[in-house]
Amino acid sequence: HTYFAWRSASQLGWQVGDFTTARNINLPINRPSARSPLPTGSTALNELYLLGQDRDASEHWQFAMRGRLSKNAKETLTDGVMRIGVNDNIKGIAQAESLNWLDVTPAEQAEIDTLKKQPIFWQTVYPFPYWDRVSSWAGQRNLSPILVMGLIRQESRFEAEILSRSGAVGLMQIMPDTGRWIASKKGRSNYSLKDPENNIEFGTWYFDYTHREFNDNSMLAIASYNAGPGAIGRWVKSRGIGDPDEFVEGIPYDETRGYVYRVFGNYWNYQLLYSPQIRQRIAQLESETITASSRTKGANK
């Protein structure tokens with residue numbers, strides 16, 4: 001589920017994009033058409049959730065959990081699912097991801113390992129808020145929608161009105177000065193960076209701009225989205241790109257290096273979880289691994 005798995009898949013020739021083609025990769029994505037039952041909760045809660053009554057389900061859940069100071073693994077994941085349902089995305093993703101580092105007993109860890117094999121866990125960690133808007137604006141900019149989703153997940157965890165400590169606004173974390181510059185380029189005077197439609201429109205415009213600045217190299221475009229085109233331009237001028245993997249490892253800003261890893265990691269996970277083509281390749285690889293293991297065991301008997 002990491003950046004390095006994506007790089008491996010790319011080196012193996014899978015159609016997952018590389019540093020220079022990722023913006024154009026647009027694999028079919030199958031979003032879940034039906035919901036899986038919740039890990040825990042009452043029959044009424046599950047019925048509300050499965051019917052898509054997310055607001056009512058969330059209220060039912062919050063009432064059931066009132067006064068509780070701690071949650072077990074199933075309750076933690078269920079809480080994450082409930083929060084995603086009402087667009088409390090940053091806390092919902094955090095709740096699900098917290099299963100990765102809870103300090104638990106071996107028995108509880110076994111339960112967590114079982115939960116993490118369930119689709120509902122990964123669908124909570126990598127959800128699809130604002131997908132229609134993202135796919136529409138990404139398509140207009142000739143950008144991979146899931147690459148944009150990966151960037152938004154890293155920037156804001158899909159929180160439309162979030163403000164960073166530096167003043168960046170909204171889903172794609174656009175600085176007000178950058179927003180004004182984009183508006184001037186687009187001939188716009190009436191916009192709000194807290195509005196998801198405007199923010200995604202402006203953010204994809206800027207992401208396309210960073211791609212164009214670096215000849216459609218998505219690695220440099222992503223790095224410059226974080227550090228600024230000027231900084232990336234200076235690094236390229238002073239060092240050249242050379243081996244792109246070595247370039248990433250040598251990015252002098254820890255934040256930007258980690259940002260590149262995480263955005264591409266997100267991009268990979270959306271493919272890994274929701275692309276039928278990639279899931280088929282993974283299933284084939286797992287089958288070949290099991291077959292090879294069985295042959296090895298048989299030869300050792």
Given the rule that I, L, V, M, F, W and Y join up when any side-chain heavy atoms are under 4.5 Å apart, are Y261 and I241 in one cluster? yes

So L273 and Q123, do their side chains get closer than 4.5 Å, heavy atoms only?
no

### Message
Would you say NZ of K185 has more than 12 non-hydrogen atoms from neighbouring residues, nucleotides or ligands within 6.0 angstrom?
### Response
no

So the side chain to side chain donor-acceptor pair (under 3.5 Å) pairs with at least one residue in residues 279-289 (sequence neighbours excluded) are Q284-E288

The complete set of side chain to side chain donor-acceptor pair (under 3.5 Å) pairs with one or both residues in residues 25-41, sequence neighbours excluded, reads R35-D54

Before we go on, tell me: are the rings of F128 and Y274 under 6.0 Å apart, centre to centre? yes

| query | Would M219 and W6 show up in the same hydrophobic cluster when neighbours are defined by side-chain heavy atoms closer than 4.5 Å? | reply | yes

Across all chains, not counting sequence neighbours, the side chain to side chain donor-acceptor pair (under 3.5 Å) partners of T256 are N226

Residue set satisfying side chain to side chain contact (heavy atoms under 4.5 Å, CB included) with E97, at least two apart, ordered chain then number -> I93, N100, W101, V125, R153, R157

Looking only at heavy atoms, the pair that brings L163 and K194 closest together is CD2-CE, 4.3 Å

Parallel, tilted or perpendicular, judged at 30° and 60°: which one describes the rings of W122 and Y126?
parallel

In short, side chain to side chain donor-acceptor pair (under 3.5 Å) pairs touching residues 228-243 with sequence neighbours left out are none

Quick note, ring pair (Phe, Tyr, Trp, His ring centres under 6.0 Å) partners involving residues 134-193, not counting sequence neighbours, are W181-W205, W181-Y209, Y191-F202

- Query: For the hydrophobic clusters of this structure (ILVMFWY residues joined by side-chain heavy atoms under 4.5 Å, transitively), does one cluster hold both L151 and I162?
  - Reply: no

Rounded to the nearest 0.5 angstrom, the CG-OG1 distance for N217 and T21 is 10.0 Å

Contacts of E155 meeting side chain to side chain donor-acceptor pair (under 3.5 Å) (sequence neighbours excluded), chain-then-number -> Y259

Closest non-hydrogen contact found for L147 with S218 is CD2-OG, 3.9 Å

The salt bridge (Lys or Arg N to Asp or Glu O under 4.0 Å) partners of D18 (sequence neighbours excluded) come to none

Q. Is there a path from L27 to F19 through hydrophobic residues (I, L, V, M, F, W, Y) whose side chains come within less than 4.5 Å of each other?
A. yes

Sorted by chain and number, sequence neighbours left out, side chain to side chain contact (heavy atoms under 4.5 Å, CB included) with D113 holds for Q109

P145 side chain near Y270 side chain, heavy-atom distance below 4.5 Å | no

Sorted by chain and number, sequence neighbours left out, side chain to side chain contact (heavy atoms under 4.5 Å, CB included) with R66 holds for F63

Sequence neighbours excluded, the answer for side chain to side chain donor-acceptor pair (under 3.5 Å) partners of W268 is none

(Q) Between Y3 and Y267, is the ring centroid distance below 6.0 Å? (A) no

With sequence neighbours left out, the residues meeting side chain to side chain donor-acceptor pair (under 3.5 Å) with S192 are none

